[in-house]
Structures are given as structure tokens and as C-alpha cells.
Amino acid sequence: MWQPTNKLEEERLNKAQALKERGVELYPRRATRTHTTAEAIAAFEALESENPEAAAELEVTVAGRVRRVNVKGKVSFMHYADEQGRLQLFLRINDMDENQYMLVKDKLIEIDDFVQATGTMMRTRAGEISVRVSDFQLLSKTMSPLPVIKEVTQDDGTVKEYGEFSDKEARYRQRYADLAVNKDVRDVFRKRAKTIRAMQNFLDDEGMLEVETPILQPIYGGAAARPFTTHHNQLHQDLFLRISFELYLKRLLVGGYDAVYEIGRDFRNEGVSWKHNPEFTMLEFYKAYIDYTGVMDITERMTAYVAEQVTGSTKIIWQDHEIDLTPPWERLTIREAGKKYAGVDYMDTPDAESMAVMLEEKFGEKVAPGESWGRMVVERLLGNQIEPHLIQPTIIMDYPRDMSPFAKPTEYDVKHTERFEYFIGGMEMGNAFTELNDPFDQEQRFVDMATLYGKGKDEETPFDEDYLRAMRYGMPPMGGYGGGVDRLVMLLTNQRSIRDVVMFPHLRSRDTVESESDSSEV
RNA sequence: GGCUCCGUAGCUCAAUUGGCAGAGCAGUUGACUCUUAAUCAAUUGGUUGCUGGUUCAAGUCCAGCCGGAGUCACCA
């Protein structure tokens with residue numbers, strides 16, 4: 001049984017007992033509400049100008065969480081809040097049942113409790129719209145007080161907050177408390193929902209079908225990442241949480257759909273950072289009969305559309321930058337971007353040895369032995385030297401073949417593939433290709449992968465024979481896209497950490513002892 | 001995993017060279033029939049993340065651990 005952990009909770013427990021003794025139900029079964037806060041205010045304001053008498057007779061029943069209490073004696077004021085806003089309750093002992101009033105006067109019903117009130121709408125002498133309460137009930141008694149934040153709605157309508165709940169760890173671990181007191185956090189997640197809805201609307205209008213594919217997969221693939229593993233007991237089978245949807249979605253175009261998309265969770269067993277969470281939300285789409293330039297076009301239009309829907313503009317503020325998402329965006333090959341932003345032409349160093357020397361001399365990069373040429377181009381030259389410059393939306397295209405096992409080669413050079421990534425605010429936002437639909441080439445890529453990443457390497461890519469079989473049935477030429485939804489939400493809400501756009505970000509658990517399996521980790 | 005910084009009351013923060021652990025808010029008691037960061041008077045609240053060490057004396061110095069933030073590594 002729960003015990004109070006501090007004086008404040010002890011007081012609340014005492015009050016709960018006192019309420020019971022007065023016959024008050026702490027957690028009544030039912031509530032009624034005729035008006036939300038916004039509806040009550042709107043209804044009153046609409047009547048007030050034309051017909052003041054009718055406005056004064058407007059009766060409402062409202063409900064919400066108490067956010068401010070001012071007991072003055074035989075008259076008291078309360079602010080309660082629902083999701084849309086807050087409203088004042090004017091409680092006067094003459095206007096209501098004396099016993100009900102005394103629950104407030106004796107502070108048995110207090111800040112953070114949920115209440116229901118019935119009364120007529122009015123304005124106080126100070127001009128604040130309020131409910132003149134005639135009936136008042138407790139809906140839910142709060143045992144643990146929320147962090148103290150005083151909100152004051154100013155004349156210009158903006159809300160000023162006094163006090164704050166800013167401890168990041170506490171906010172992430174107890175997001176419910178964070179949401180309860182920090183309105184701007186609630187707004188971020190409303191925008192998150194809008195972002196996803198806007199994407200769906202856009203892609204539906206493009207004629208794509210939204211689908212769902214397995215999260216538990218016997219063979220993982222479609223990206224290079226360490227998976228989480230689990231086990232199905234009855235089937236005696238190890239399963240992996242997906243690291244991408246790619247291979248399943250492309251199978252569906254073999255099946256006859258022209259275009260499909262999926263928005264869902266991916267899981268990658270890797271480091272966490274301001275832009276990495278172990279589980280994150282991804283959008284992937286595949287559309288037949290277009291190539292990667294067609295995907296570029298969709299990407300630009302989709303991003304602009306979503307930004308417009310969510311923020312009302314295609315120009316957004318991200319940290320210290322104003323970013324213009326209006327199409328078209330700058331498009332550069334990696335090679336051009338290397339010349340422009342890093343001052344090097346990587347084709348001057350066309351093999352791993354010379355590339356390593358150049359990177360070390362020019363940028364002080366310490367290249368690990370055995371790193372491939374393509375990896376150095378993508379991760380060191382692009383990732384470390386170019387990416388931080390890409391604040392305005394930029395498409396970077398034509399990636400080295402060995403880093404792009406599902407992309408078709410470019411016409412001009414088999415060393416490169418028709419692949420692009422795009423960057424906004426210095427963040428990689430997504431990745432796309434002209435998809436490889438040649439089963440012979442794909443089989444060779446799997447073999448190459450095994451050589452490159454095989455034998456105990458963490459990123460080992462399993463050979464997916466069923467995927468090759470699907471390809472042999474005939475796969476239409478197509479363009480495909482994968483992009484991070486969380487990062488787009490960060491951009492549109494100007495949040496600097498992925499944890500601020502994920503409701504319950506992953507944190508180390510507080511009170512578990514290190515398990516034995518952890519000791520095998522380095 | 002490496003490095004740097006951080007952890008003090010419910011929340012936000014103080015605490016001089018190592019010298020009695022404090023403030024505001026909220027909480028408690030009382031007053032107040034139009035308050036609004038209400039006001040006025042009085043007042044409670046602490047295993048200073050944990051464990052150990054140095055010292056006459058540790059929030060402060062040292063070591064280890066736990067947790068967080070940042071950064072690097074890692075992340076086709």
C-alpha cells in the first residue's frame with residue numbers, strides 16, 4: 001500500500017480522510033460536462049454583446065483540473081484547466097450549498113484536484129469571465145502535488161508562467177507531470193500528431209496505399225544497424241525487431257500495388273544522442289515507375305506541405321536559423337558538395353589508401369584500418385565535413401555503391417548509385433534511391449555485404465533469400481524513400497533533442513541492478 | 001565505451017577558505033464576500049543521489065558506484 005513520501009503527500013492523505021468523513025466520494029464514477037472551457041467562453045462572449053440578460057443566464061457545467069485557488073473567506077476564486085484552456089470559478093457561500101463551499105474554504109479540495117462545477121457565466125468586477133458556481137463536486141483527489149507553476153493570462157492573451165519544472169530527467173521520466181504543467185510540451189505533441197496526419201493526407205493524395213508490415217521479423221534488413229532480438233516461445237524461433245520496413249514494402253510492389261507507404265516504429269540497438277532514440281518513427285514509401293529524381297520531387301513537396309499544415313508556413317525557425325523549405329531545394333552530388341563545402345574532389349583520391357591520407361592531412365580524421373573508400377566518402381567527408389553546413393534544405397546525391405546495397409548504379413559510373421539523402425538544419429532527414437530491381441545484381445550485393453560486414457561484425461546483413469525470390473517474380477522499377485519522422489517534428493517544433501518530441505524517451509532504469517547479460521557488453 | 005559538467009526541501013535555486021544547511025514559491029494555522037504571482041500574521045518541511053575515505057569538522061576535498069546533460073567514438 002502506498003505511503004506518503006513527504007509532508008505534502010501526508011497532508012493530502014489527511015485531506016482525503018477528512019473528505020471521506022464528510023461523505024465526499026474521492027473518485028466518483030461519473031462526471032458531466034456541457035461545455036469545454038473554450039466553448040463556455042465562446043458562448044458567453046457571443047451572447048454578451050447582443051443580449052447581456054441572456055448571457056447572465058447562460059448555465060454551464062464544466063470540468064477540469066484546479067490550477068489556482070484563492071480562498072478569501074466567504075468568497076473564493078479558482079482557476080481550473082481543461083486541455084484547451086483555463087477558466088475561473090467564482091464561489092460564494094450564498095450562491096451554493098454551504099457544505100460544498102466549506103470543502104473549498106477548508107482546503108480539502110485544492111490545487112491539482114479534478115473538479116466539476118455548474119453555474120451561470122459572468123464577469124467579475126475586474127472583468128474576468130468566470131462561472132458563478134451553484135453546484136460543485138470533486139471528481140478526482142490528487143495525492144501527489146504537481147510541480148508548482150503559476151500561470152497568468154495577461155491582457156494580450158499570452159500566458160506568463162512563474163516558477164518552472166525544468167529538470168530534464170524528471171520531465172522525461174514523469175512525462176505526465178511534465179505535460180500537466182508545461183503547456184508548450186503539450187503543444188509539441190499536438191504538432192507531432194499533425195505532422196503525421198499531414199504526411200498521411202499528402203501520400204494518400206499521391207495515390208499511395210498505407211500498409212502495415214511486420215515489426216517482429218525472422219530476418220532483419222534494409223539498413224545497417226544492430227537489431228534488438230527476442231524469442232517466440234511456442235515456435236522456438238528467434239525474432240528481430242525491425243530496423244527498417246524496406247524489404248517488406250518492396251515485396252508489396254511485386255504483389256501489384258503501384259505505391260505503398262508505412263509510418264511506424266523502427267528499433268536500432270545503438271547509441272542514443274540528441275538525434276537518436278533506440279525506437280524511432282520512420283516513414284518509408286515506394287512508388288513504381290519513378291526514379292530518384294521523382295522521389296526528390298515528392299520529398300520536397302511533402303516537406304513543404306507538412307510544414308505548411310503544421311506551422312502555417314514553409315519558412316520555419318530552427319535554433320538560430322530561418323530555414324526556407326519552399327521547393328525546389330539545392331541539389332548537389334556528393335562530389336560537388338565536397339568541392340563546395342570541404343574544398344576537395346574525392347575523385348582525386350580514388351582508392352581507400354589515398355583517401356585515408358587525404359582525410360588525415362586535410363581534416364585530421366583518424367581513419368580506422370580496413371575502412372572502405374565509400375564509407376570514408378559518406379561518413380567522414382559527407383557526415384563530418386559537409387553535413388554541418390547543410391542548414392537550408394539540400395539534396396545530396398549519387399552515393400558510392402558499397403554504401404548503397406539497394407540502389408541502382410548511376411548511368412555514368414558503376415562506382416556510384418542513384419541514391420540521395422537530404423539535410424535540413426544540419427541533420428540527415430531522409431534517404432532515398434532508385435531501387436534496385438535486378439535480382440542478379442541484388443544477389444551480388446548481398447554477397448558483397450557479407451564480405452564487407454560479415455564474420456562477427458555487428459552490422460552483418462543477413463542474406464534474405466525470400467526477398468530475392470520476390471524479386472525474381474518481377475519487381476517494377478521504382479523510387480523509394482525513408483525518413484525520420486521524429487527529426488522532422490524536431491524541425492517543425494524547434495526542439496533540439498529527439499527526447500523532446502518522443503513522449504516517453506528511453507532512459508536508463510533507475511533502480512535495477514546490472515543484469516548478467518550487461519557484463520558481456522564492452 | 002572515453003572525456004567534461006551536473007545531482008541540496010514537493011518545484012526553482014543559495015550556502016565565502018572545509019566551520020550551526022538557507023531563500024522564494026507551495027504546504028500548515030489564523031484573518032478577509034470580486035481575488036488573480038491576492039494580501040497580512042505565524043509556522044512546518046532535509047539520510048545534501050548512494051557507499052566508503054581524509055579531517056577536530058565534509059553539501060564542499062578524495063575514491064568507487066547510480067542517474068542525467070553535453071561532447072567524441074559508434075550508427076551502409
Side-chain angles (χ1 to χ4, degrees), chain A residues 4-12 14-15 67-79 86 88-95 101 105 107 110-112 122-128 130 132 144-154 160-173 177 181 222-226 243-244 268-276 278 366 368 371-372 374-375 377-379 382-384 399-407 417 419 421 428 431 445 448-449 452-453 457-459 461 496-497 499 507-514 521-522:
Chain A
T5 58
N6 59 51
K7 195 96 178 187
L8 298 181
E9 290 179 340
E10 214 170 281
E11 293 288 352
R12 297 232 166 201
N14 293 340
K15 289 176 179 187
R67 300 302 294 145
R68 169 179 165 261
V69 181
N70 178 12
V71 176
K72 277 185 59 64
K74 296 197 170 65
V75 60
S76 298
F77 300 85
M78 253 184 200
H79 278 156
R86 47 200 289 161
Q88 181 165 266
L89 304 178
F90 177 73
L91 302 114
R92 199 167 56 153
I93 194 162
N94 313 40
D95 293 339
Y101 183 80
K105 163 80 171 156
K107 297 186 179 179
E110 59 194 322
I111 194 163
D112 299 334
M122 60 170 279
R123 264 185 204 274
T124 61
R125 273 179 212 158
E128 180 168 350
S130 307
R132 187 190 301 275
S144 301
L146 289 166
V148 179
I149 302 214
K150 296 188 176 181
E151 292 174 22
V152 181
T153 308
Q154 302 178 109
K160 190 170 184 185
E161 289 184 353
Y162 299 87
E164 59 180 332
F165 178 44
S166 56
D167 181 85
K168 286 210 167 206
E169 183 178 356
R171 287 182 45 222
Y172 296 149
R173 287 191 194 280
V181 299
R226 297 169 65 182
I243 57 173
S244 88
R268 296 188 182 175
N269 204 339
E270 283 162 6
V272 295
S273 79
W274 66 280
K275 49 184 177 179
H276 296 90
K366 281 171 238 123
E371 232 178 84
S372 76
R375 191 183 180 103
V377 169
V378 172
E379 297 205 345
L382 175 60
N384 293 345
Y399 279 56
R401 180 180 192 272
D402 61 353
M403 297 293 281
S404 314
F406 301 106
T417 56
R419 171 183 176 193
E421 293 184 317
E428 181 201 331
N431 181 20
R445 305 288 187 104
D448 293 347
M449 280 303 102
L452 202 54
Y453 295 103
K457 286 295 269 294
D458 290 330
E459 302 89 359
T461 302
R496 62 172 61 252
S497 168
R499 296 181 200 98
L507 296 184
R508 210 181 290 268
S509 44
R510 201 91 213 233
D511 42 19
T512 50
V513 185
E514 255 194 34
E521 302 268 334
V522 180

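A quick note: this is a predicted structure, and the numbers were derived from the prediction, not measured. Here is how names work: the chains are called A, B, and so on, in the same order as the sequence lines, proteins then strands, and each is numbered from 1. Computation of the quantities below employed the complete heavy-atom set of this structure, encompassing side-chain atoms and omitting hydrogens, waters and symmetry-equivalent molecules.
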Exercise. Does the side chain of A:R12 get closer than 4.0 angstrom to OP1 or OP2 of B:G10 through an N or O atom?
Worked result: no
Exercise. Paired with B:C61: which nucleotide, if any, by Watson-Crick or G-U wobble criteria at under 3.5 Å for both distances?
Worked result: B:G53
Exercise. Which value, in whole Å, describes the distance between the P atoms of nucleotides B:U16 and B:G22?
Worked result: 13 Å
Problem set entry | Interatomic distance at C1', B:G45 relative to B:C11, whole Å | 14 Å
Exercise. Looking at A:R508, does any N or O in its side chain come under 4.0 Å of the phosphate oxygens OP1/OP2 on B:C66?
Worked result: no
For this session: Whole angstrom is fine here: how far is it from NZ in A:K366 over to C1' in B:C74?
Result: 15 Å
For this session: Check every strand shown and say whether A:E379 touches a base, only sugar-phosphate, or nothing at a heavy-atom separation below 4.0 Å.
Result: sugar-phosphate
Exercise. Would you say the side chain of A:R68 and the base of B:U35 hold a donor-acceptor pair, judged only by whether the two atoms sit under 3.5 Å apart?
Worked result: yes
For this session: Considering only atom C1', compute the distance from B:A58 to B:U48 and round it to an integer number of Å.
Result: 11 Å
Problem set entry | Ion pair check, A:D112 and A:R67, cut-off under 4.0 Å | yes
Exercise. Is any side-chain nitrogen or oxygen of A:R173 closer than 4.0 Å to OP1 or OP2 of B:G68?
Worked result: yes
Problem set entry | Atom-to-atom span, NZ of A:K150 to P of B:U12 - whole angstrom | 16 Å
Exercise. Is there a donor on the side chain of A:T124 or the base of B:U35 sitting less than 3.5 Å from an acceptor on the other?
Worked result: yes
Problem set entry | 4.5 Å side-chain heavy-atom contact, A:E428 and A:K275 | no
Exercise. Considering only the C1' atoms, how many Å lie between B:U8 and B:A23, rounded to the nearest integer?
Worked result: 13 Å
Problem set entry | B:G49 to B:U60 separation - P atoms, rounded to the nearest Å | 8 Å
For this session: Write down the distance separating the P atoms in B:A21 and B:G59, rounded off to the nearest Å.
Result: 8 Å
Exercise. Pick the nucleotide of RNA chain B nearest each of A:D167 and A:E11; which residue has the one closer to the 5' end?
Worked result: A:D167
For this session: Tell me what A:N6 touches on the nucleic acid: a base, only sugar-phosphate, or nothing, going by heavy atoms under 4.0 Å.
Result: sugar-phosphate
Problem set entry | Span that lies between the C1' atom of B:A26 and that of B:U12, in whole angstrom | 12 Å
Problem set entry | Nearest-Å distance once atom P is located in both B:C6 and B:G10 | 23 Å
For this session: Mind checking A:K72 for me? I need base, sugar-phosphate or nothing, with any heavy atom below 4.0 Å counting as a touch.
Result: base
Problem set entry | Pair A:E110 + A:R12: basic N to acidic O under 4.0 Å | yes
Exercise. Which is true for A:R499 with a 4.0 Å heavy-atom rule: it touches a base, it touches only sugar-phosphate, or it touches nothing?
Worked result: sugar-phosphate
Exercise. Between A:E161 (CD) and B:C25 (C1'), how many Å, whole number?
Worked result: 14 Å
Exercise. What nucleic acid atoms does A:V181 come within less than 4.0 Å of, heavy atoms only: base, sugar-phosphate, or nothing?
Worked result: nothing
Problem set entry | 5′-ward residue of the pair A:V69/A:R268 relative to RNA chain B | A:V69
For this session: Name the closest nucleotide to the A:R132 side chain, picking from B:A37, B:C34, B:G68.
Result: B:C34
For this session: Side-chain contact test, heavy atoms from C-beta onward, threshold under 4.5 Å: evaluate it for A:V272 versus A:P278 and give yes or no.
Result: yes
Exercise. What does A:V152 touch in the nucleic acid at a heavy-atom separation under 4.0 angstrom: a base, only the sugar-phosphate, or nothing?
Worked result: sugar-phosphate
Seminar exercise, completed: Among B:A76, B:U12, B:A38, the one nearest any side-chain atom of A:A224 is B:A76
Problem set entry | For B:C3, the Watson-Crick or wobble partner whose two distances fall under 3.5 Å | B:G70
For this session: Identify the nucleotide, in any strand shown, that forms a Watson-Crick or G-U wobble pair with B:G22, with both distances under 3.5 Å; if there is none, say none.
Result: B:C13
